[in-house]
Amino acid sequence: MLDPKDLRNNLEALAGQLRRRGFELDTACYGDLEERRRRLQIDTQALQNERNRQSKAIGQAKARGEDIAPLLAEVAQLGARLSAANEALQATHVELQRLQLEIPNVLHSSVPDGADEADNIELRRWGDRPTFDYTPRDHVELGALNQEMDFEAAAKLAGARFVVLRGRLAQLHRALTQLMLDLHTQEHGYEEVYVPYLVNPQVMRGTGQLPKFEEDLFRVAAENPLFLISTAEVPVTNLVRERIVEADVLPLRFVCHTPCFRSEAGSYGKDTRGMIRLHQFDKVELVQVVRPETSYGVLEELTIHAEKVLQLLELPYRVVALCAGDVGFAATKTYDLEVWLPGQQCYREISSCSNYEAFQARRMQARWRNPATGRPEPVHTLNGSGLAVGRCMVAVLENYQQADGRVRLPTVLQPYFGGRDYLDD
RNA sequence: GGAGAGGUGGCUGAGUGGACGAAAGCACCCGACUUGAAAUCGGGCGAGCCUAUGGGCUCCAAGGGUUCGAAUCCCUUCCUCUCCGCCA
C-alpha cells in the first residue's frame with residue numbers, strides 16, 4: 001500500500017511513477033473518491049459530536065433530576081441521520097481501500113526501464129561454467145539414472161508438478177537446506193524461525209499476495225479459510241504485523257526453511273519438465289525488518305548473503321537487476337540470482353531479493369518508534385531466497401555431473417555425506 | 001471433543017449503562033535535589049484520523065445488536081487459560 005497521504009497530495013506524480021511499470025492509475029476516480037471520503041468524514045464527525053454533546057446533556061439533566069423528555073425529543077432525528085452518514089462513509093472507505101490494495105509499489109529510481117525480463121540488466125557474473133566433452137544431461141535424466149527422482153510416483157499421489165525424491169537425492173535436498181540454514185545463522189547473523197504453513201487472508205494481504213493474486217494460491221476450505229503459503233516471506237514478514245517495535249531491536253533478521261505452495265495458474269505448458277516449476281518446493285528464505293534509511297544498503301547485503309550459498313557450492317551464476325516491467329507488485333527494487341544450468345544451457349532464477357520499503361509495513365501496520373521524531377513510523381521490509389532448494393539441487397546435479405552419470409559432490413557438501421566425494425558411491 | 005473462566009494502554013491491573021481513552025502500580029522521558037548515582041519530589045507518557053487557531057472524531061479481541069448514551073447489557077466469531085477425554 002502506498003502512503004494514503006501521498007496519494008492525497010501527490011496523486012498525479014505517483015501516477016506518473018507507476019506508469020513506468022505499466023500501471024495506469026485512474027487519478028480522476030481516485031481523487032473524487034478521496035474528496036467524497038473527506039466530506040463524509042467531516043459531516044459524520046459533526047453529527048457524532050452533536051450526539052455526544054446531547055447525550056452528555058441528558059445524563060447531566062437526569063443526574064439533577066430534571067425532566068429529560070424534551071431533550072430526548074431533540075435527539076430523536078439524530079440517530080437516523082448519523083447511521084446514514086456512517087454507512088455512506090463506511091462504503092466510501094471500503095471502496096477506497098479496495099483501490100489502495102490494488103495499486104503496486106512505486107519503483108526505486110535506480111530500477112532500469114524496460115517491459116519484461118528481456119530488458120533486465122546483468123550486473124555481474126561469478127564462477128566458470130563447466131565444460132563437457134559430451135552433451136550434458138539435464139537433472140531429469142540424471143535423476144532417472146538412479147531412479148531416485150520420480151515424477152510418475154508423485155503424479156499418482158498428487159498430479160502433475162510434484163516430485164518424489166528418494167535415497168541420495170532426498171538426502172542431497174536435505175543437506176542443501178542444512179547448509180543454507182547453517183550459513184545464514186552462523187555467518188550472516190539471522191535468527192532461524194519455524195512458522196505456520198497455513199495463514200489467514202489478512203496475513204496474505206499484509207505481504208501483498210491478496211487481494212490481487214489469489215489465483216496463484218492454494219486455499220484450504222474451512223469455516224475460516226486459510227491459504228497455503230507461497231513463500232516463507234508471508235508468515236515471517238508478518239511476525240511484525242500490528243506491532244510497534246523499539247528502534248534498538250532493528251534490524252530484525254530471520255531465516256526460515258519452509259515448503260512453498262503455488263498453483264502456477266497461468267504457467268500452463270511452461271517448464272513442464274523436471275523440478276523447475278512445481279506446486280510444492282522447499283526454500284530457505286531471508287527476511288529483514290529494518291530502519292527506512294538503511295534499506296537499500298541492506299538490499300545489497302542481503303543479496304550478497306544469498307550469493308554466498310552459490311559461491312560455497314561453486315555454482316556459476318549471474319546477478320540481474322530487474323527492469324521496471326519485471327519488478328513484482330509489492331517491491332521497489334529487485335535483484336535476481338540466476339544459476340547456470342548446463343542441461344538447459346541457460347541461466348535460471350534461483351533467488352529473488354527485494355526491497356519493499358514501507359509497502360508491506362503499511363498493509364501490516366508494522367511500525368518502529370523513530371527516536372528522531374518520537375513517533376511510530378512504518379518499518380521497511382526486505383526478503384530474498386537464500387536459496388530455492390529444489391532448483392539448487394538441480395544446479396548441483398547438472399553442474400557436477402560426470403560422463404558416467406555419477407555426480408561429484410561440492411566440497412562444502414562433503415561433510416554432510418560422511419566425507420564422500422561422489423553422491424552415488 | 002466435553003465443562004468452566006477470561007480477553008482493558010509497553011507490562012500488571014481497576015472499572016459492570018452517563019464528565020472513562022480509561023484509576024493505580026511498574027517501565028520510560030523531562031525537571032528539581034545530588035560532586036555523580038540511587039532514593040525522594042514535581043511534571044509528562046497509547047494509536048489513528050479530521051481540522052485555519054481552538055478543537056473534534058474513532059479505537060477497551062473482531063463483527064453485529066439494544067440505548068439519547070456501551071469498556072460496561074445481548075448475539076456471533078476468533079483467541080487465551082484451567083480441568084477431563086483423545087492424540088504425534
Side-chain angles (χ1 to χ4, degrees), chain A residues 1-9 30-101 194-206 210 220-227 235 238-250 252 259 289 358 361-379:
Chain A
M1 203 163 89
L2 299 180
D3 186 345
K5 279 191 190 124
D6 243 19
L7 280 165
R8 211 171 297 149
N9 302 325
Y30 188 91
D32 287 353
L33 202 57
E34 172 58 32
E35 179 55 24
R36 192 161 98 219
R37 192 218 97 244
R38 202 181 64 85
R39 280 220 204 86
L40 283 169
Q41 179 160 346
I42 291 171
D43 292 350
T44 306
Q45 290 188 359
L47 284 171
Q48 285 172 327
N49 180 232
E50 185 60 19
R51 179 205 58 196
N52 290 347
R53 274 189 341 98
Q54 302 212 27
S55 291
K56 266 180 193 170
I58 291 172
Q60 285 164 358
K62 211 172 165 186
R64 279 185 248 108
E66 296 168 7
D67 178 19
I68 60 171
L71 290 169
L72 287 178
E74 205 175 315
V75 177
Q77 299 303 319
L78 218 52
R81 285 171 62 204
L82 220 177
S83 62
N86 241 325
E87 259 168 51
L89 179 61
Q90 279 310 314
T92 310
H93 258 134
V94 166
E95 182 65 11
L96 206 52
Q97 207 200 26
R98 197 183 61 77
L99 286 180
Q100 286 168 354
L101 287 174
Y194 172 83
V195 295
Y197 302 157
L198 288 164
V199 297
N200 63 41
Q202 294 78 19
V203 166
M204 279 293 180
R205 195 168 51 206
L210 289 180
V220 177
E223 276 180 67
N224 298 295
L226 294 171
F227 292 88
N238 274 279
L239 287 174
V240 288
R241 77 179 285 113
E242 289 162 35
R243 282 178 58 199
I244 301 172
V245 298
E246 294 304 323
D248 57 12
V249 311
L250 299 178
L252 291 166
V289 178
R362 275 187 223 103
R363 289 174 164 239
M364 297 188 300
Q365 293 188 70
R367 292 165 291 177
W368 70 303
R369 199 172 292 281
N370 183 351
T373 62
R375 304 192 61 80
E377 295 169 13
V379 294

inquiry  = Can you confirm whether the side chains of A/Q77 and A/R81 place a donor and an acceptor under 3.5 Å from each other?
reply    = no

query = Looking at B/A19, B/G56, B/U58, which one has an atom nearest to any side-chain atom of A/Q60?
reply = B/A19

key: Residue A/V75, side-chain atoms from C-beta onward, closest of B/G48, B/G56, B/C68   = B/C68

key: Side-chain (A/N49) to main-chain (A/Q45) donor-acceptor, under 3.5 angstrom   = no

message = Using the P atom as the point on both nucleotides, what is the distance between B/C74 and B/C20, in whole Å?
response = 24 Å

ask   = What nucleotide, of B/A47, B/C49, B/G18, holds the atom closest to the side chain of A/I244?
value = B/A47

ask   = Does B/G48 adopt a syn or an anti glycosidic conformation, taking syn as a chi angle within 90° of 0?
value = anti

ask   = Think A/R367 has a side-chain N or O under 4.0 angstrom from the OP1 or OP2 of B/G48?
value = yes

query = Roughly, in whole Å, what's the span from CZ in A/R36 to P in B/C50?
reply = 17 Å

query = When you match A/R53 and A/K5 each to their closest nucleotide on RNA chain B, which lands nearer the 5' end?
reply = A/K5

Distance test, side-chain N/O of A/R8 to OP1/OP2 of B/C50, below 4.0 Å = yes

query = Paired with B/G63 by Watson-Crick or G-U wobble geometry, both distances under 3.5 Å: which nucleotide is it?
reply = B/C75

message = When the P atoms of B/U35 and B/A23 are compared, how many Å lie between them, rounded to an integer?
response = 37 Å

task = Measure from CD on A/Q97 to P on B/G48 and round the result to the nearest Å.
result = 17 Å

note = Under a 3.5 Å limit on both distances, the Watson-Crick or wobble mate of B/A37 is none

task = Rounded off to whole Å, could you give me the CG-to-C1' distance for the A/L96 and B/C50 pair?
result = 14 Å

inquiry  = Taking any heavy-atom pair under 4.0 Å as a contact, classify A/R375: base, sugar-phosphate, or nothing.
reply    = sugar-phosphate

message = Whether A/N52 contacts B/C57 is assessed here as follows: a side-chain N or O lying under 4.0 Å from the phosphate OP1 or OP2. Is that the case?
response = yes

inquiry  = Does A/K56 contact B/G18 through a side-chain donor or acceptor facing the base, at a distance under 3.5 Å?
reply    = no

query = Given B/C68, B/C49, B/C57, which nucleotide is nearest the side-chain atoms of A/Q48?
reply = B/C57

ask   = What integer number of Å spans the C1' atoms of B/U12 and B/A27?
value = 11 Å

request  = Rounded off to whole Å, could you give me the CZ-to-P distance for the A/R205 and B/A62 pair?
outcome  = 15 Å

message = Looking at every non-hydrogen atom in both residues, tell me the closest pair between A/N238 and A/G206 and how far apart they are.
response = OD1-CA, 4.1 Å

Partner nucleotide, any strand, of B/C11 [Watson-Crick/G-U, under 3.5 Å] = B/G25

task = Check whether any side-chain N or O of A/S55 sits under 3.5 Å from a backbone N or O of A/N52 as a donor-acceptor pair, and report yes or no.
result = no

ask   = With rounding to whole Å, what would you report as the distance between B/A24 and B/C41 at their P atoms?
value = 15 Å

query = Is a donor on one side and an acceptor on the other found under 3.5 Å between the side chain of A/R363 and the backbone of A/R205?
reply = yes

ask   = Is the distance from OP1 or OP2 of B/A47 to the nearest side-chain N or O of A/R369 less than 4.0 Å?
value = yes

query = Any donor and acceptor pair, going by atom type alone, linking the side chain of A/R369 with main-chain N or O of A/E246 inside 3.5 Å?
reply = no

message = With rounding to the nearest 0.5 angstrom, report the CG to CG distance, A/L89 to A/L47.
response = 11.0 Å

task = Could you measure between the two C1' atoms, the one in B/C60 and the one in B/A14, and give it in whole Å?
result = 13 Å

Spacing of the P atoms in B/G25 and B/G44 (rounded, Å) = 13 Å

inquiry  = For a quick test of reading the model: is some side-chain N or O of A/R37 closer than 4.0 Å to OP1 or OP2 of B/C50?
reply    = yes

ask   = Nearest nucleotide by nearest heavy atom, which residue falls closer to the 5' end of RNA chain B, A/P376 or A/G79?
value = A/P376

message = Using a 4.0 Å heavy-atom cut-off, does A/I42 contact any base of the nucleic acid, only the sugar-phosphate backbone, or nothing at all?
response = sugar-phosphate

query = From B/G56, B/G48, B/C50, pick the nucleotide closest to the side chain of A/N49?
reply = B/G56

query = With rounding to whole Å, what would you report as the distance between B/G46 and B/U51 at their P atoms?
reply = 23 Å

key: Whole-Å distance separating the CD atom of A/E242 from the P atom of B/C79   = 15 Å

message = If I take atom CD in residue A/Q365 and atom P in nucleotide B/U58, what distance separates them, rounded to the nearest angstrom?
response = 19 Å

ask   = If you measure from the P atom in B/C57 to the same atom in B/A19, how many Å do you get, rounded?
value = 15 Å

ask   = Under a 3.5 Å cut-off for both distances, is B/G4 Watson-Crick or wobble paired, and to whom?
value = B/C81

key: Atom-to-atom span, CD1 of A/I58 to P of B/G17 - whole angstrom   = 18 Å

Candidate pair A/E34 and A/R8, rule salt bridge (Lys or Arg N to Asp or Glu O under 4.0 Å), full reasoning = CA-CA 7 Å; A/E34 172 58 32; A/R8 211 171 297 149; 2.8 Å; yes

key: Nearest-Å distance for atom pair NE2/C1', residues A/H93 and B/U58   = 10 Å

inquiry  = Does B/U58 have its OP1 or OP2 closer than 4.0 Å to a side-chain nitrogen or oxygen of A/R51?
reply    = yes

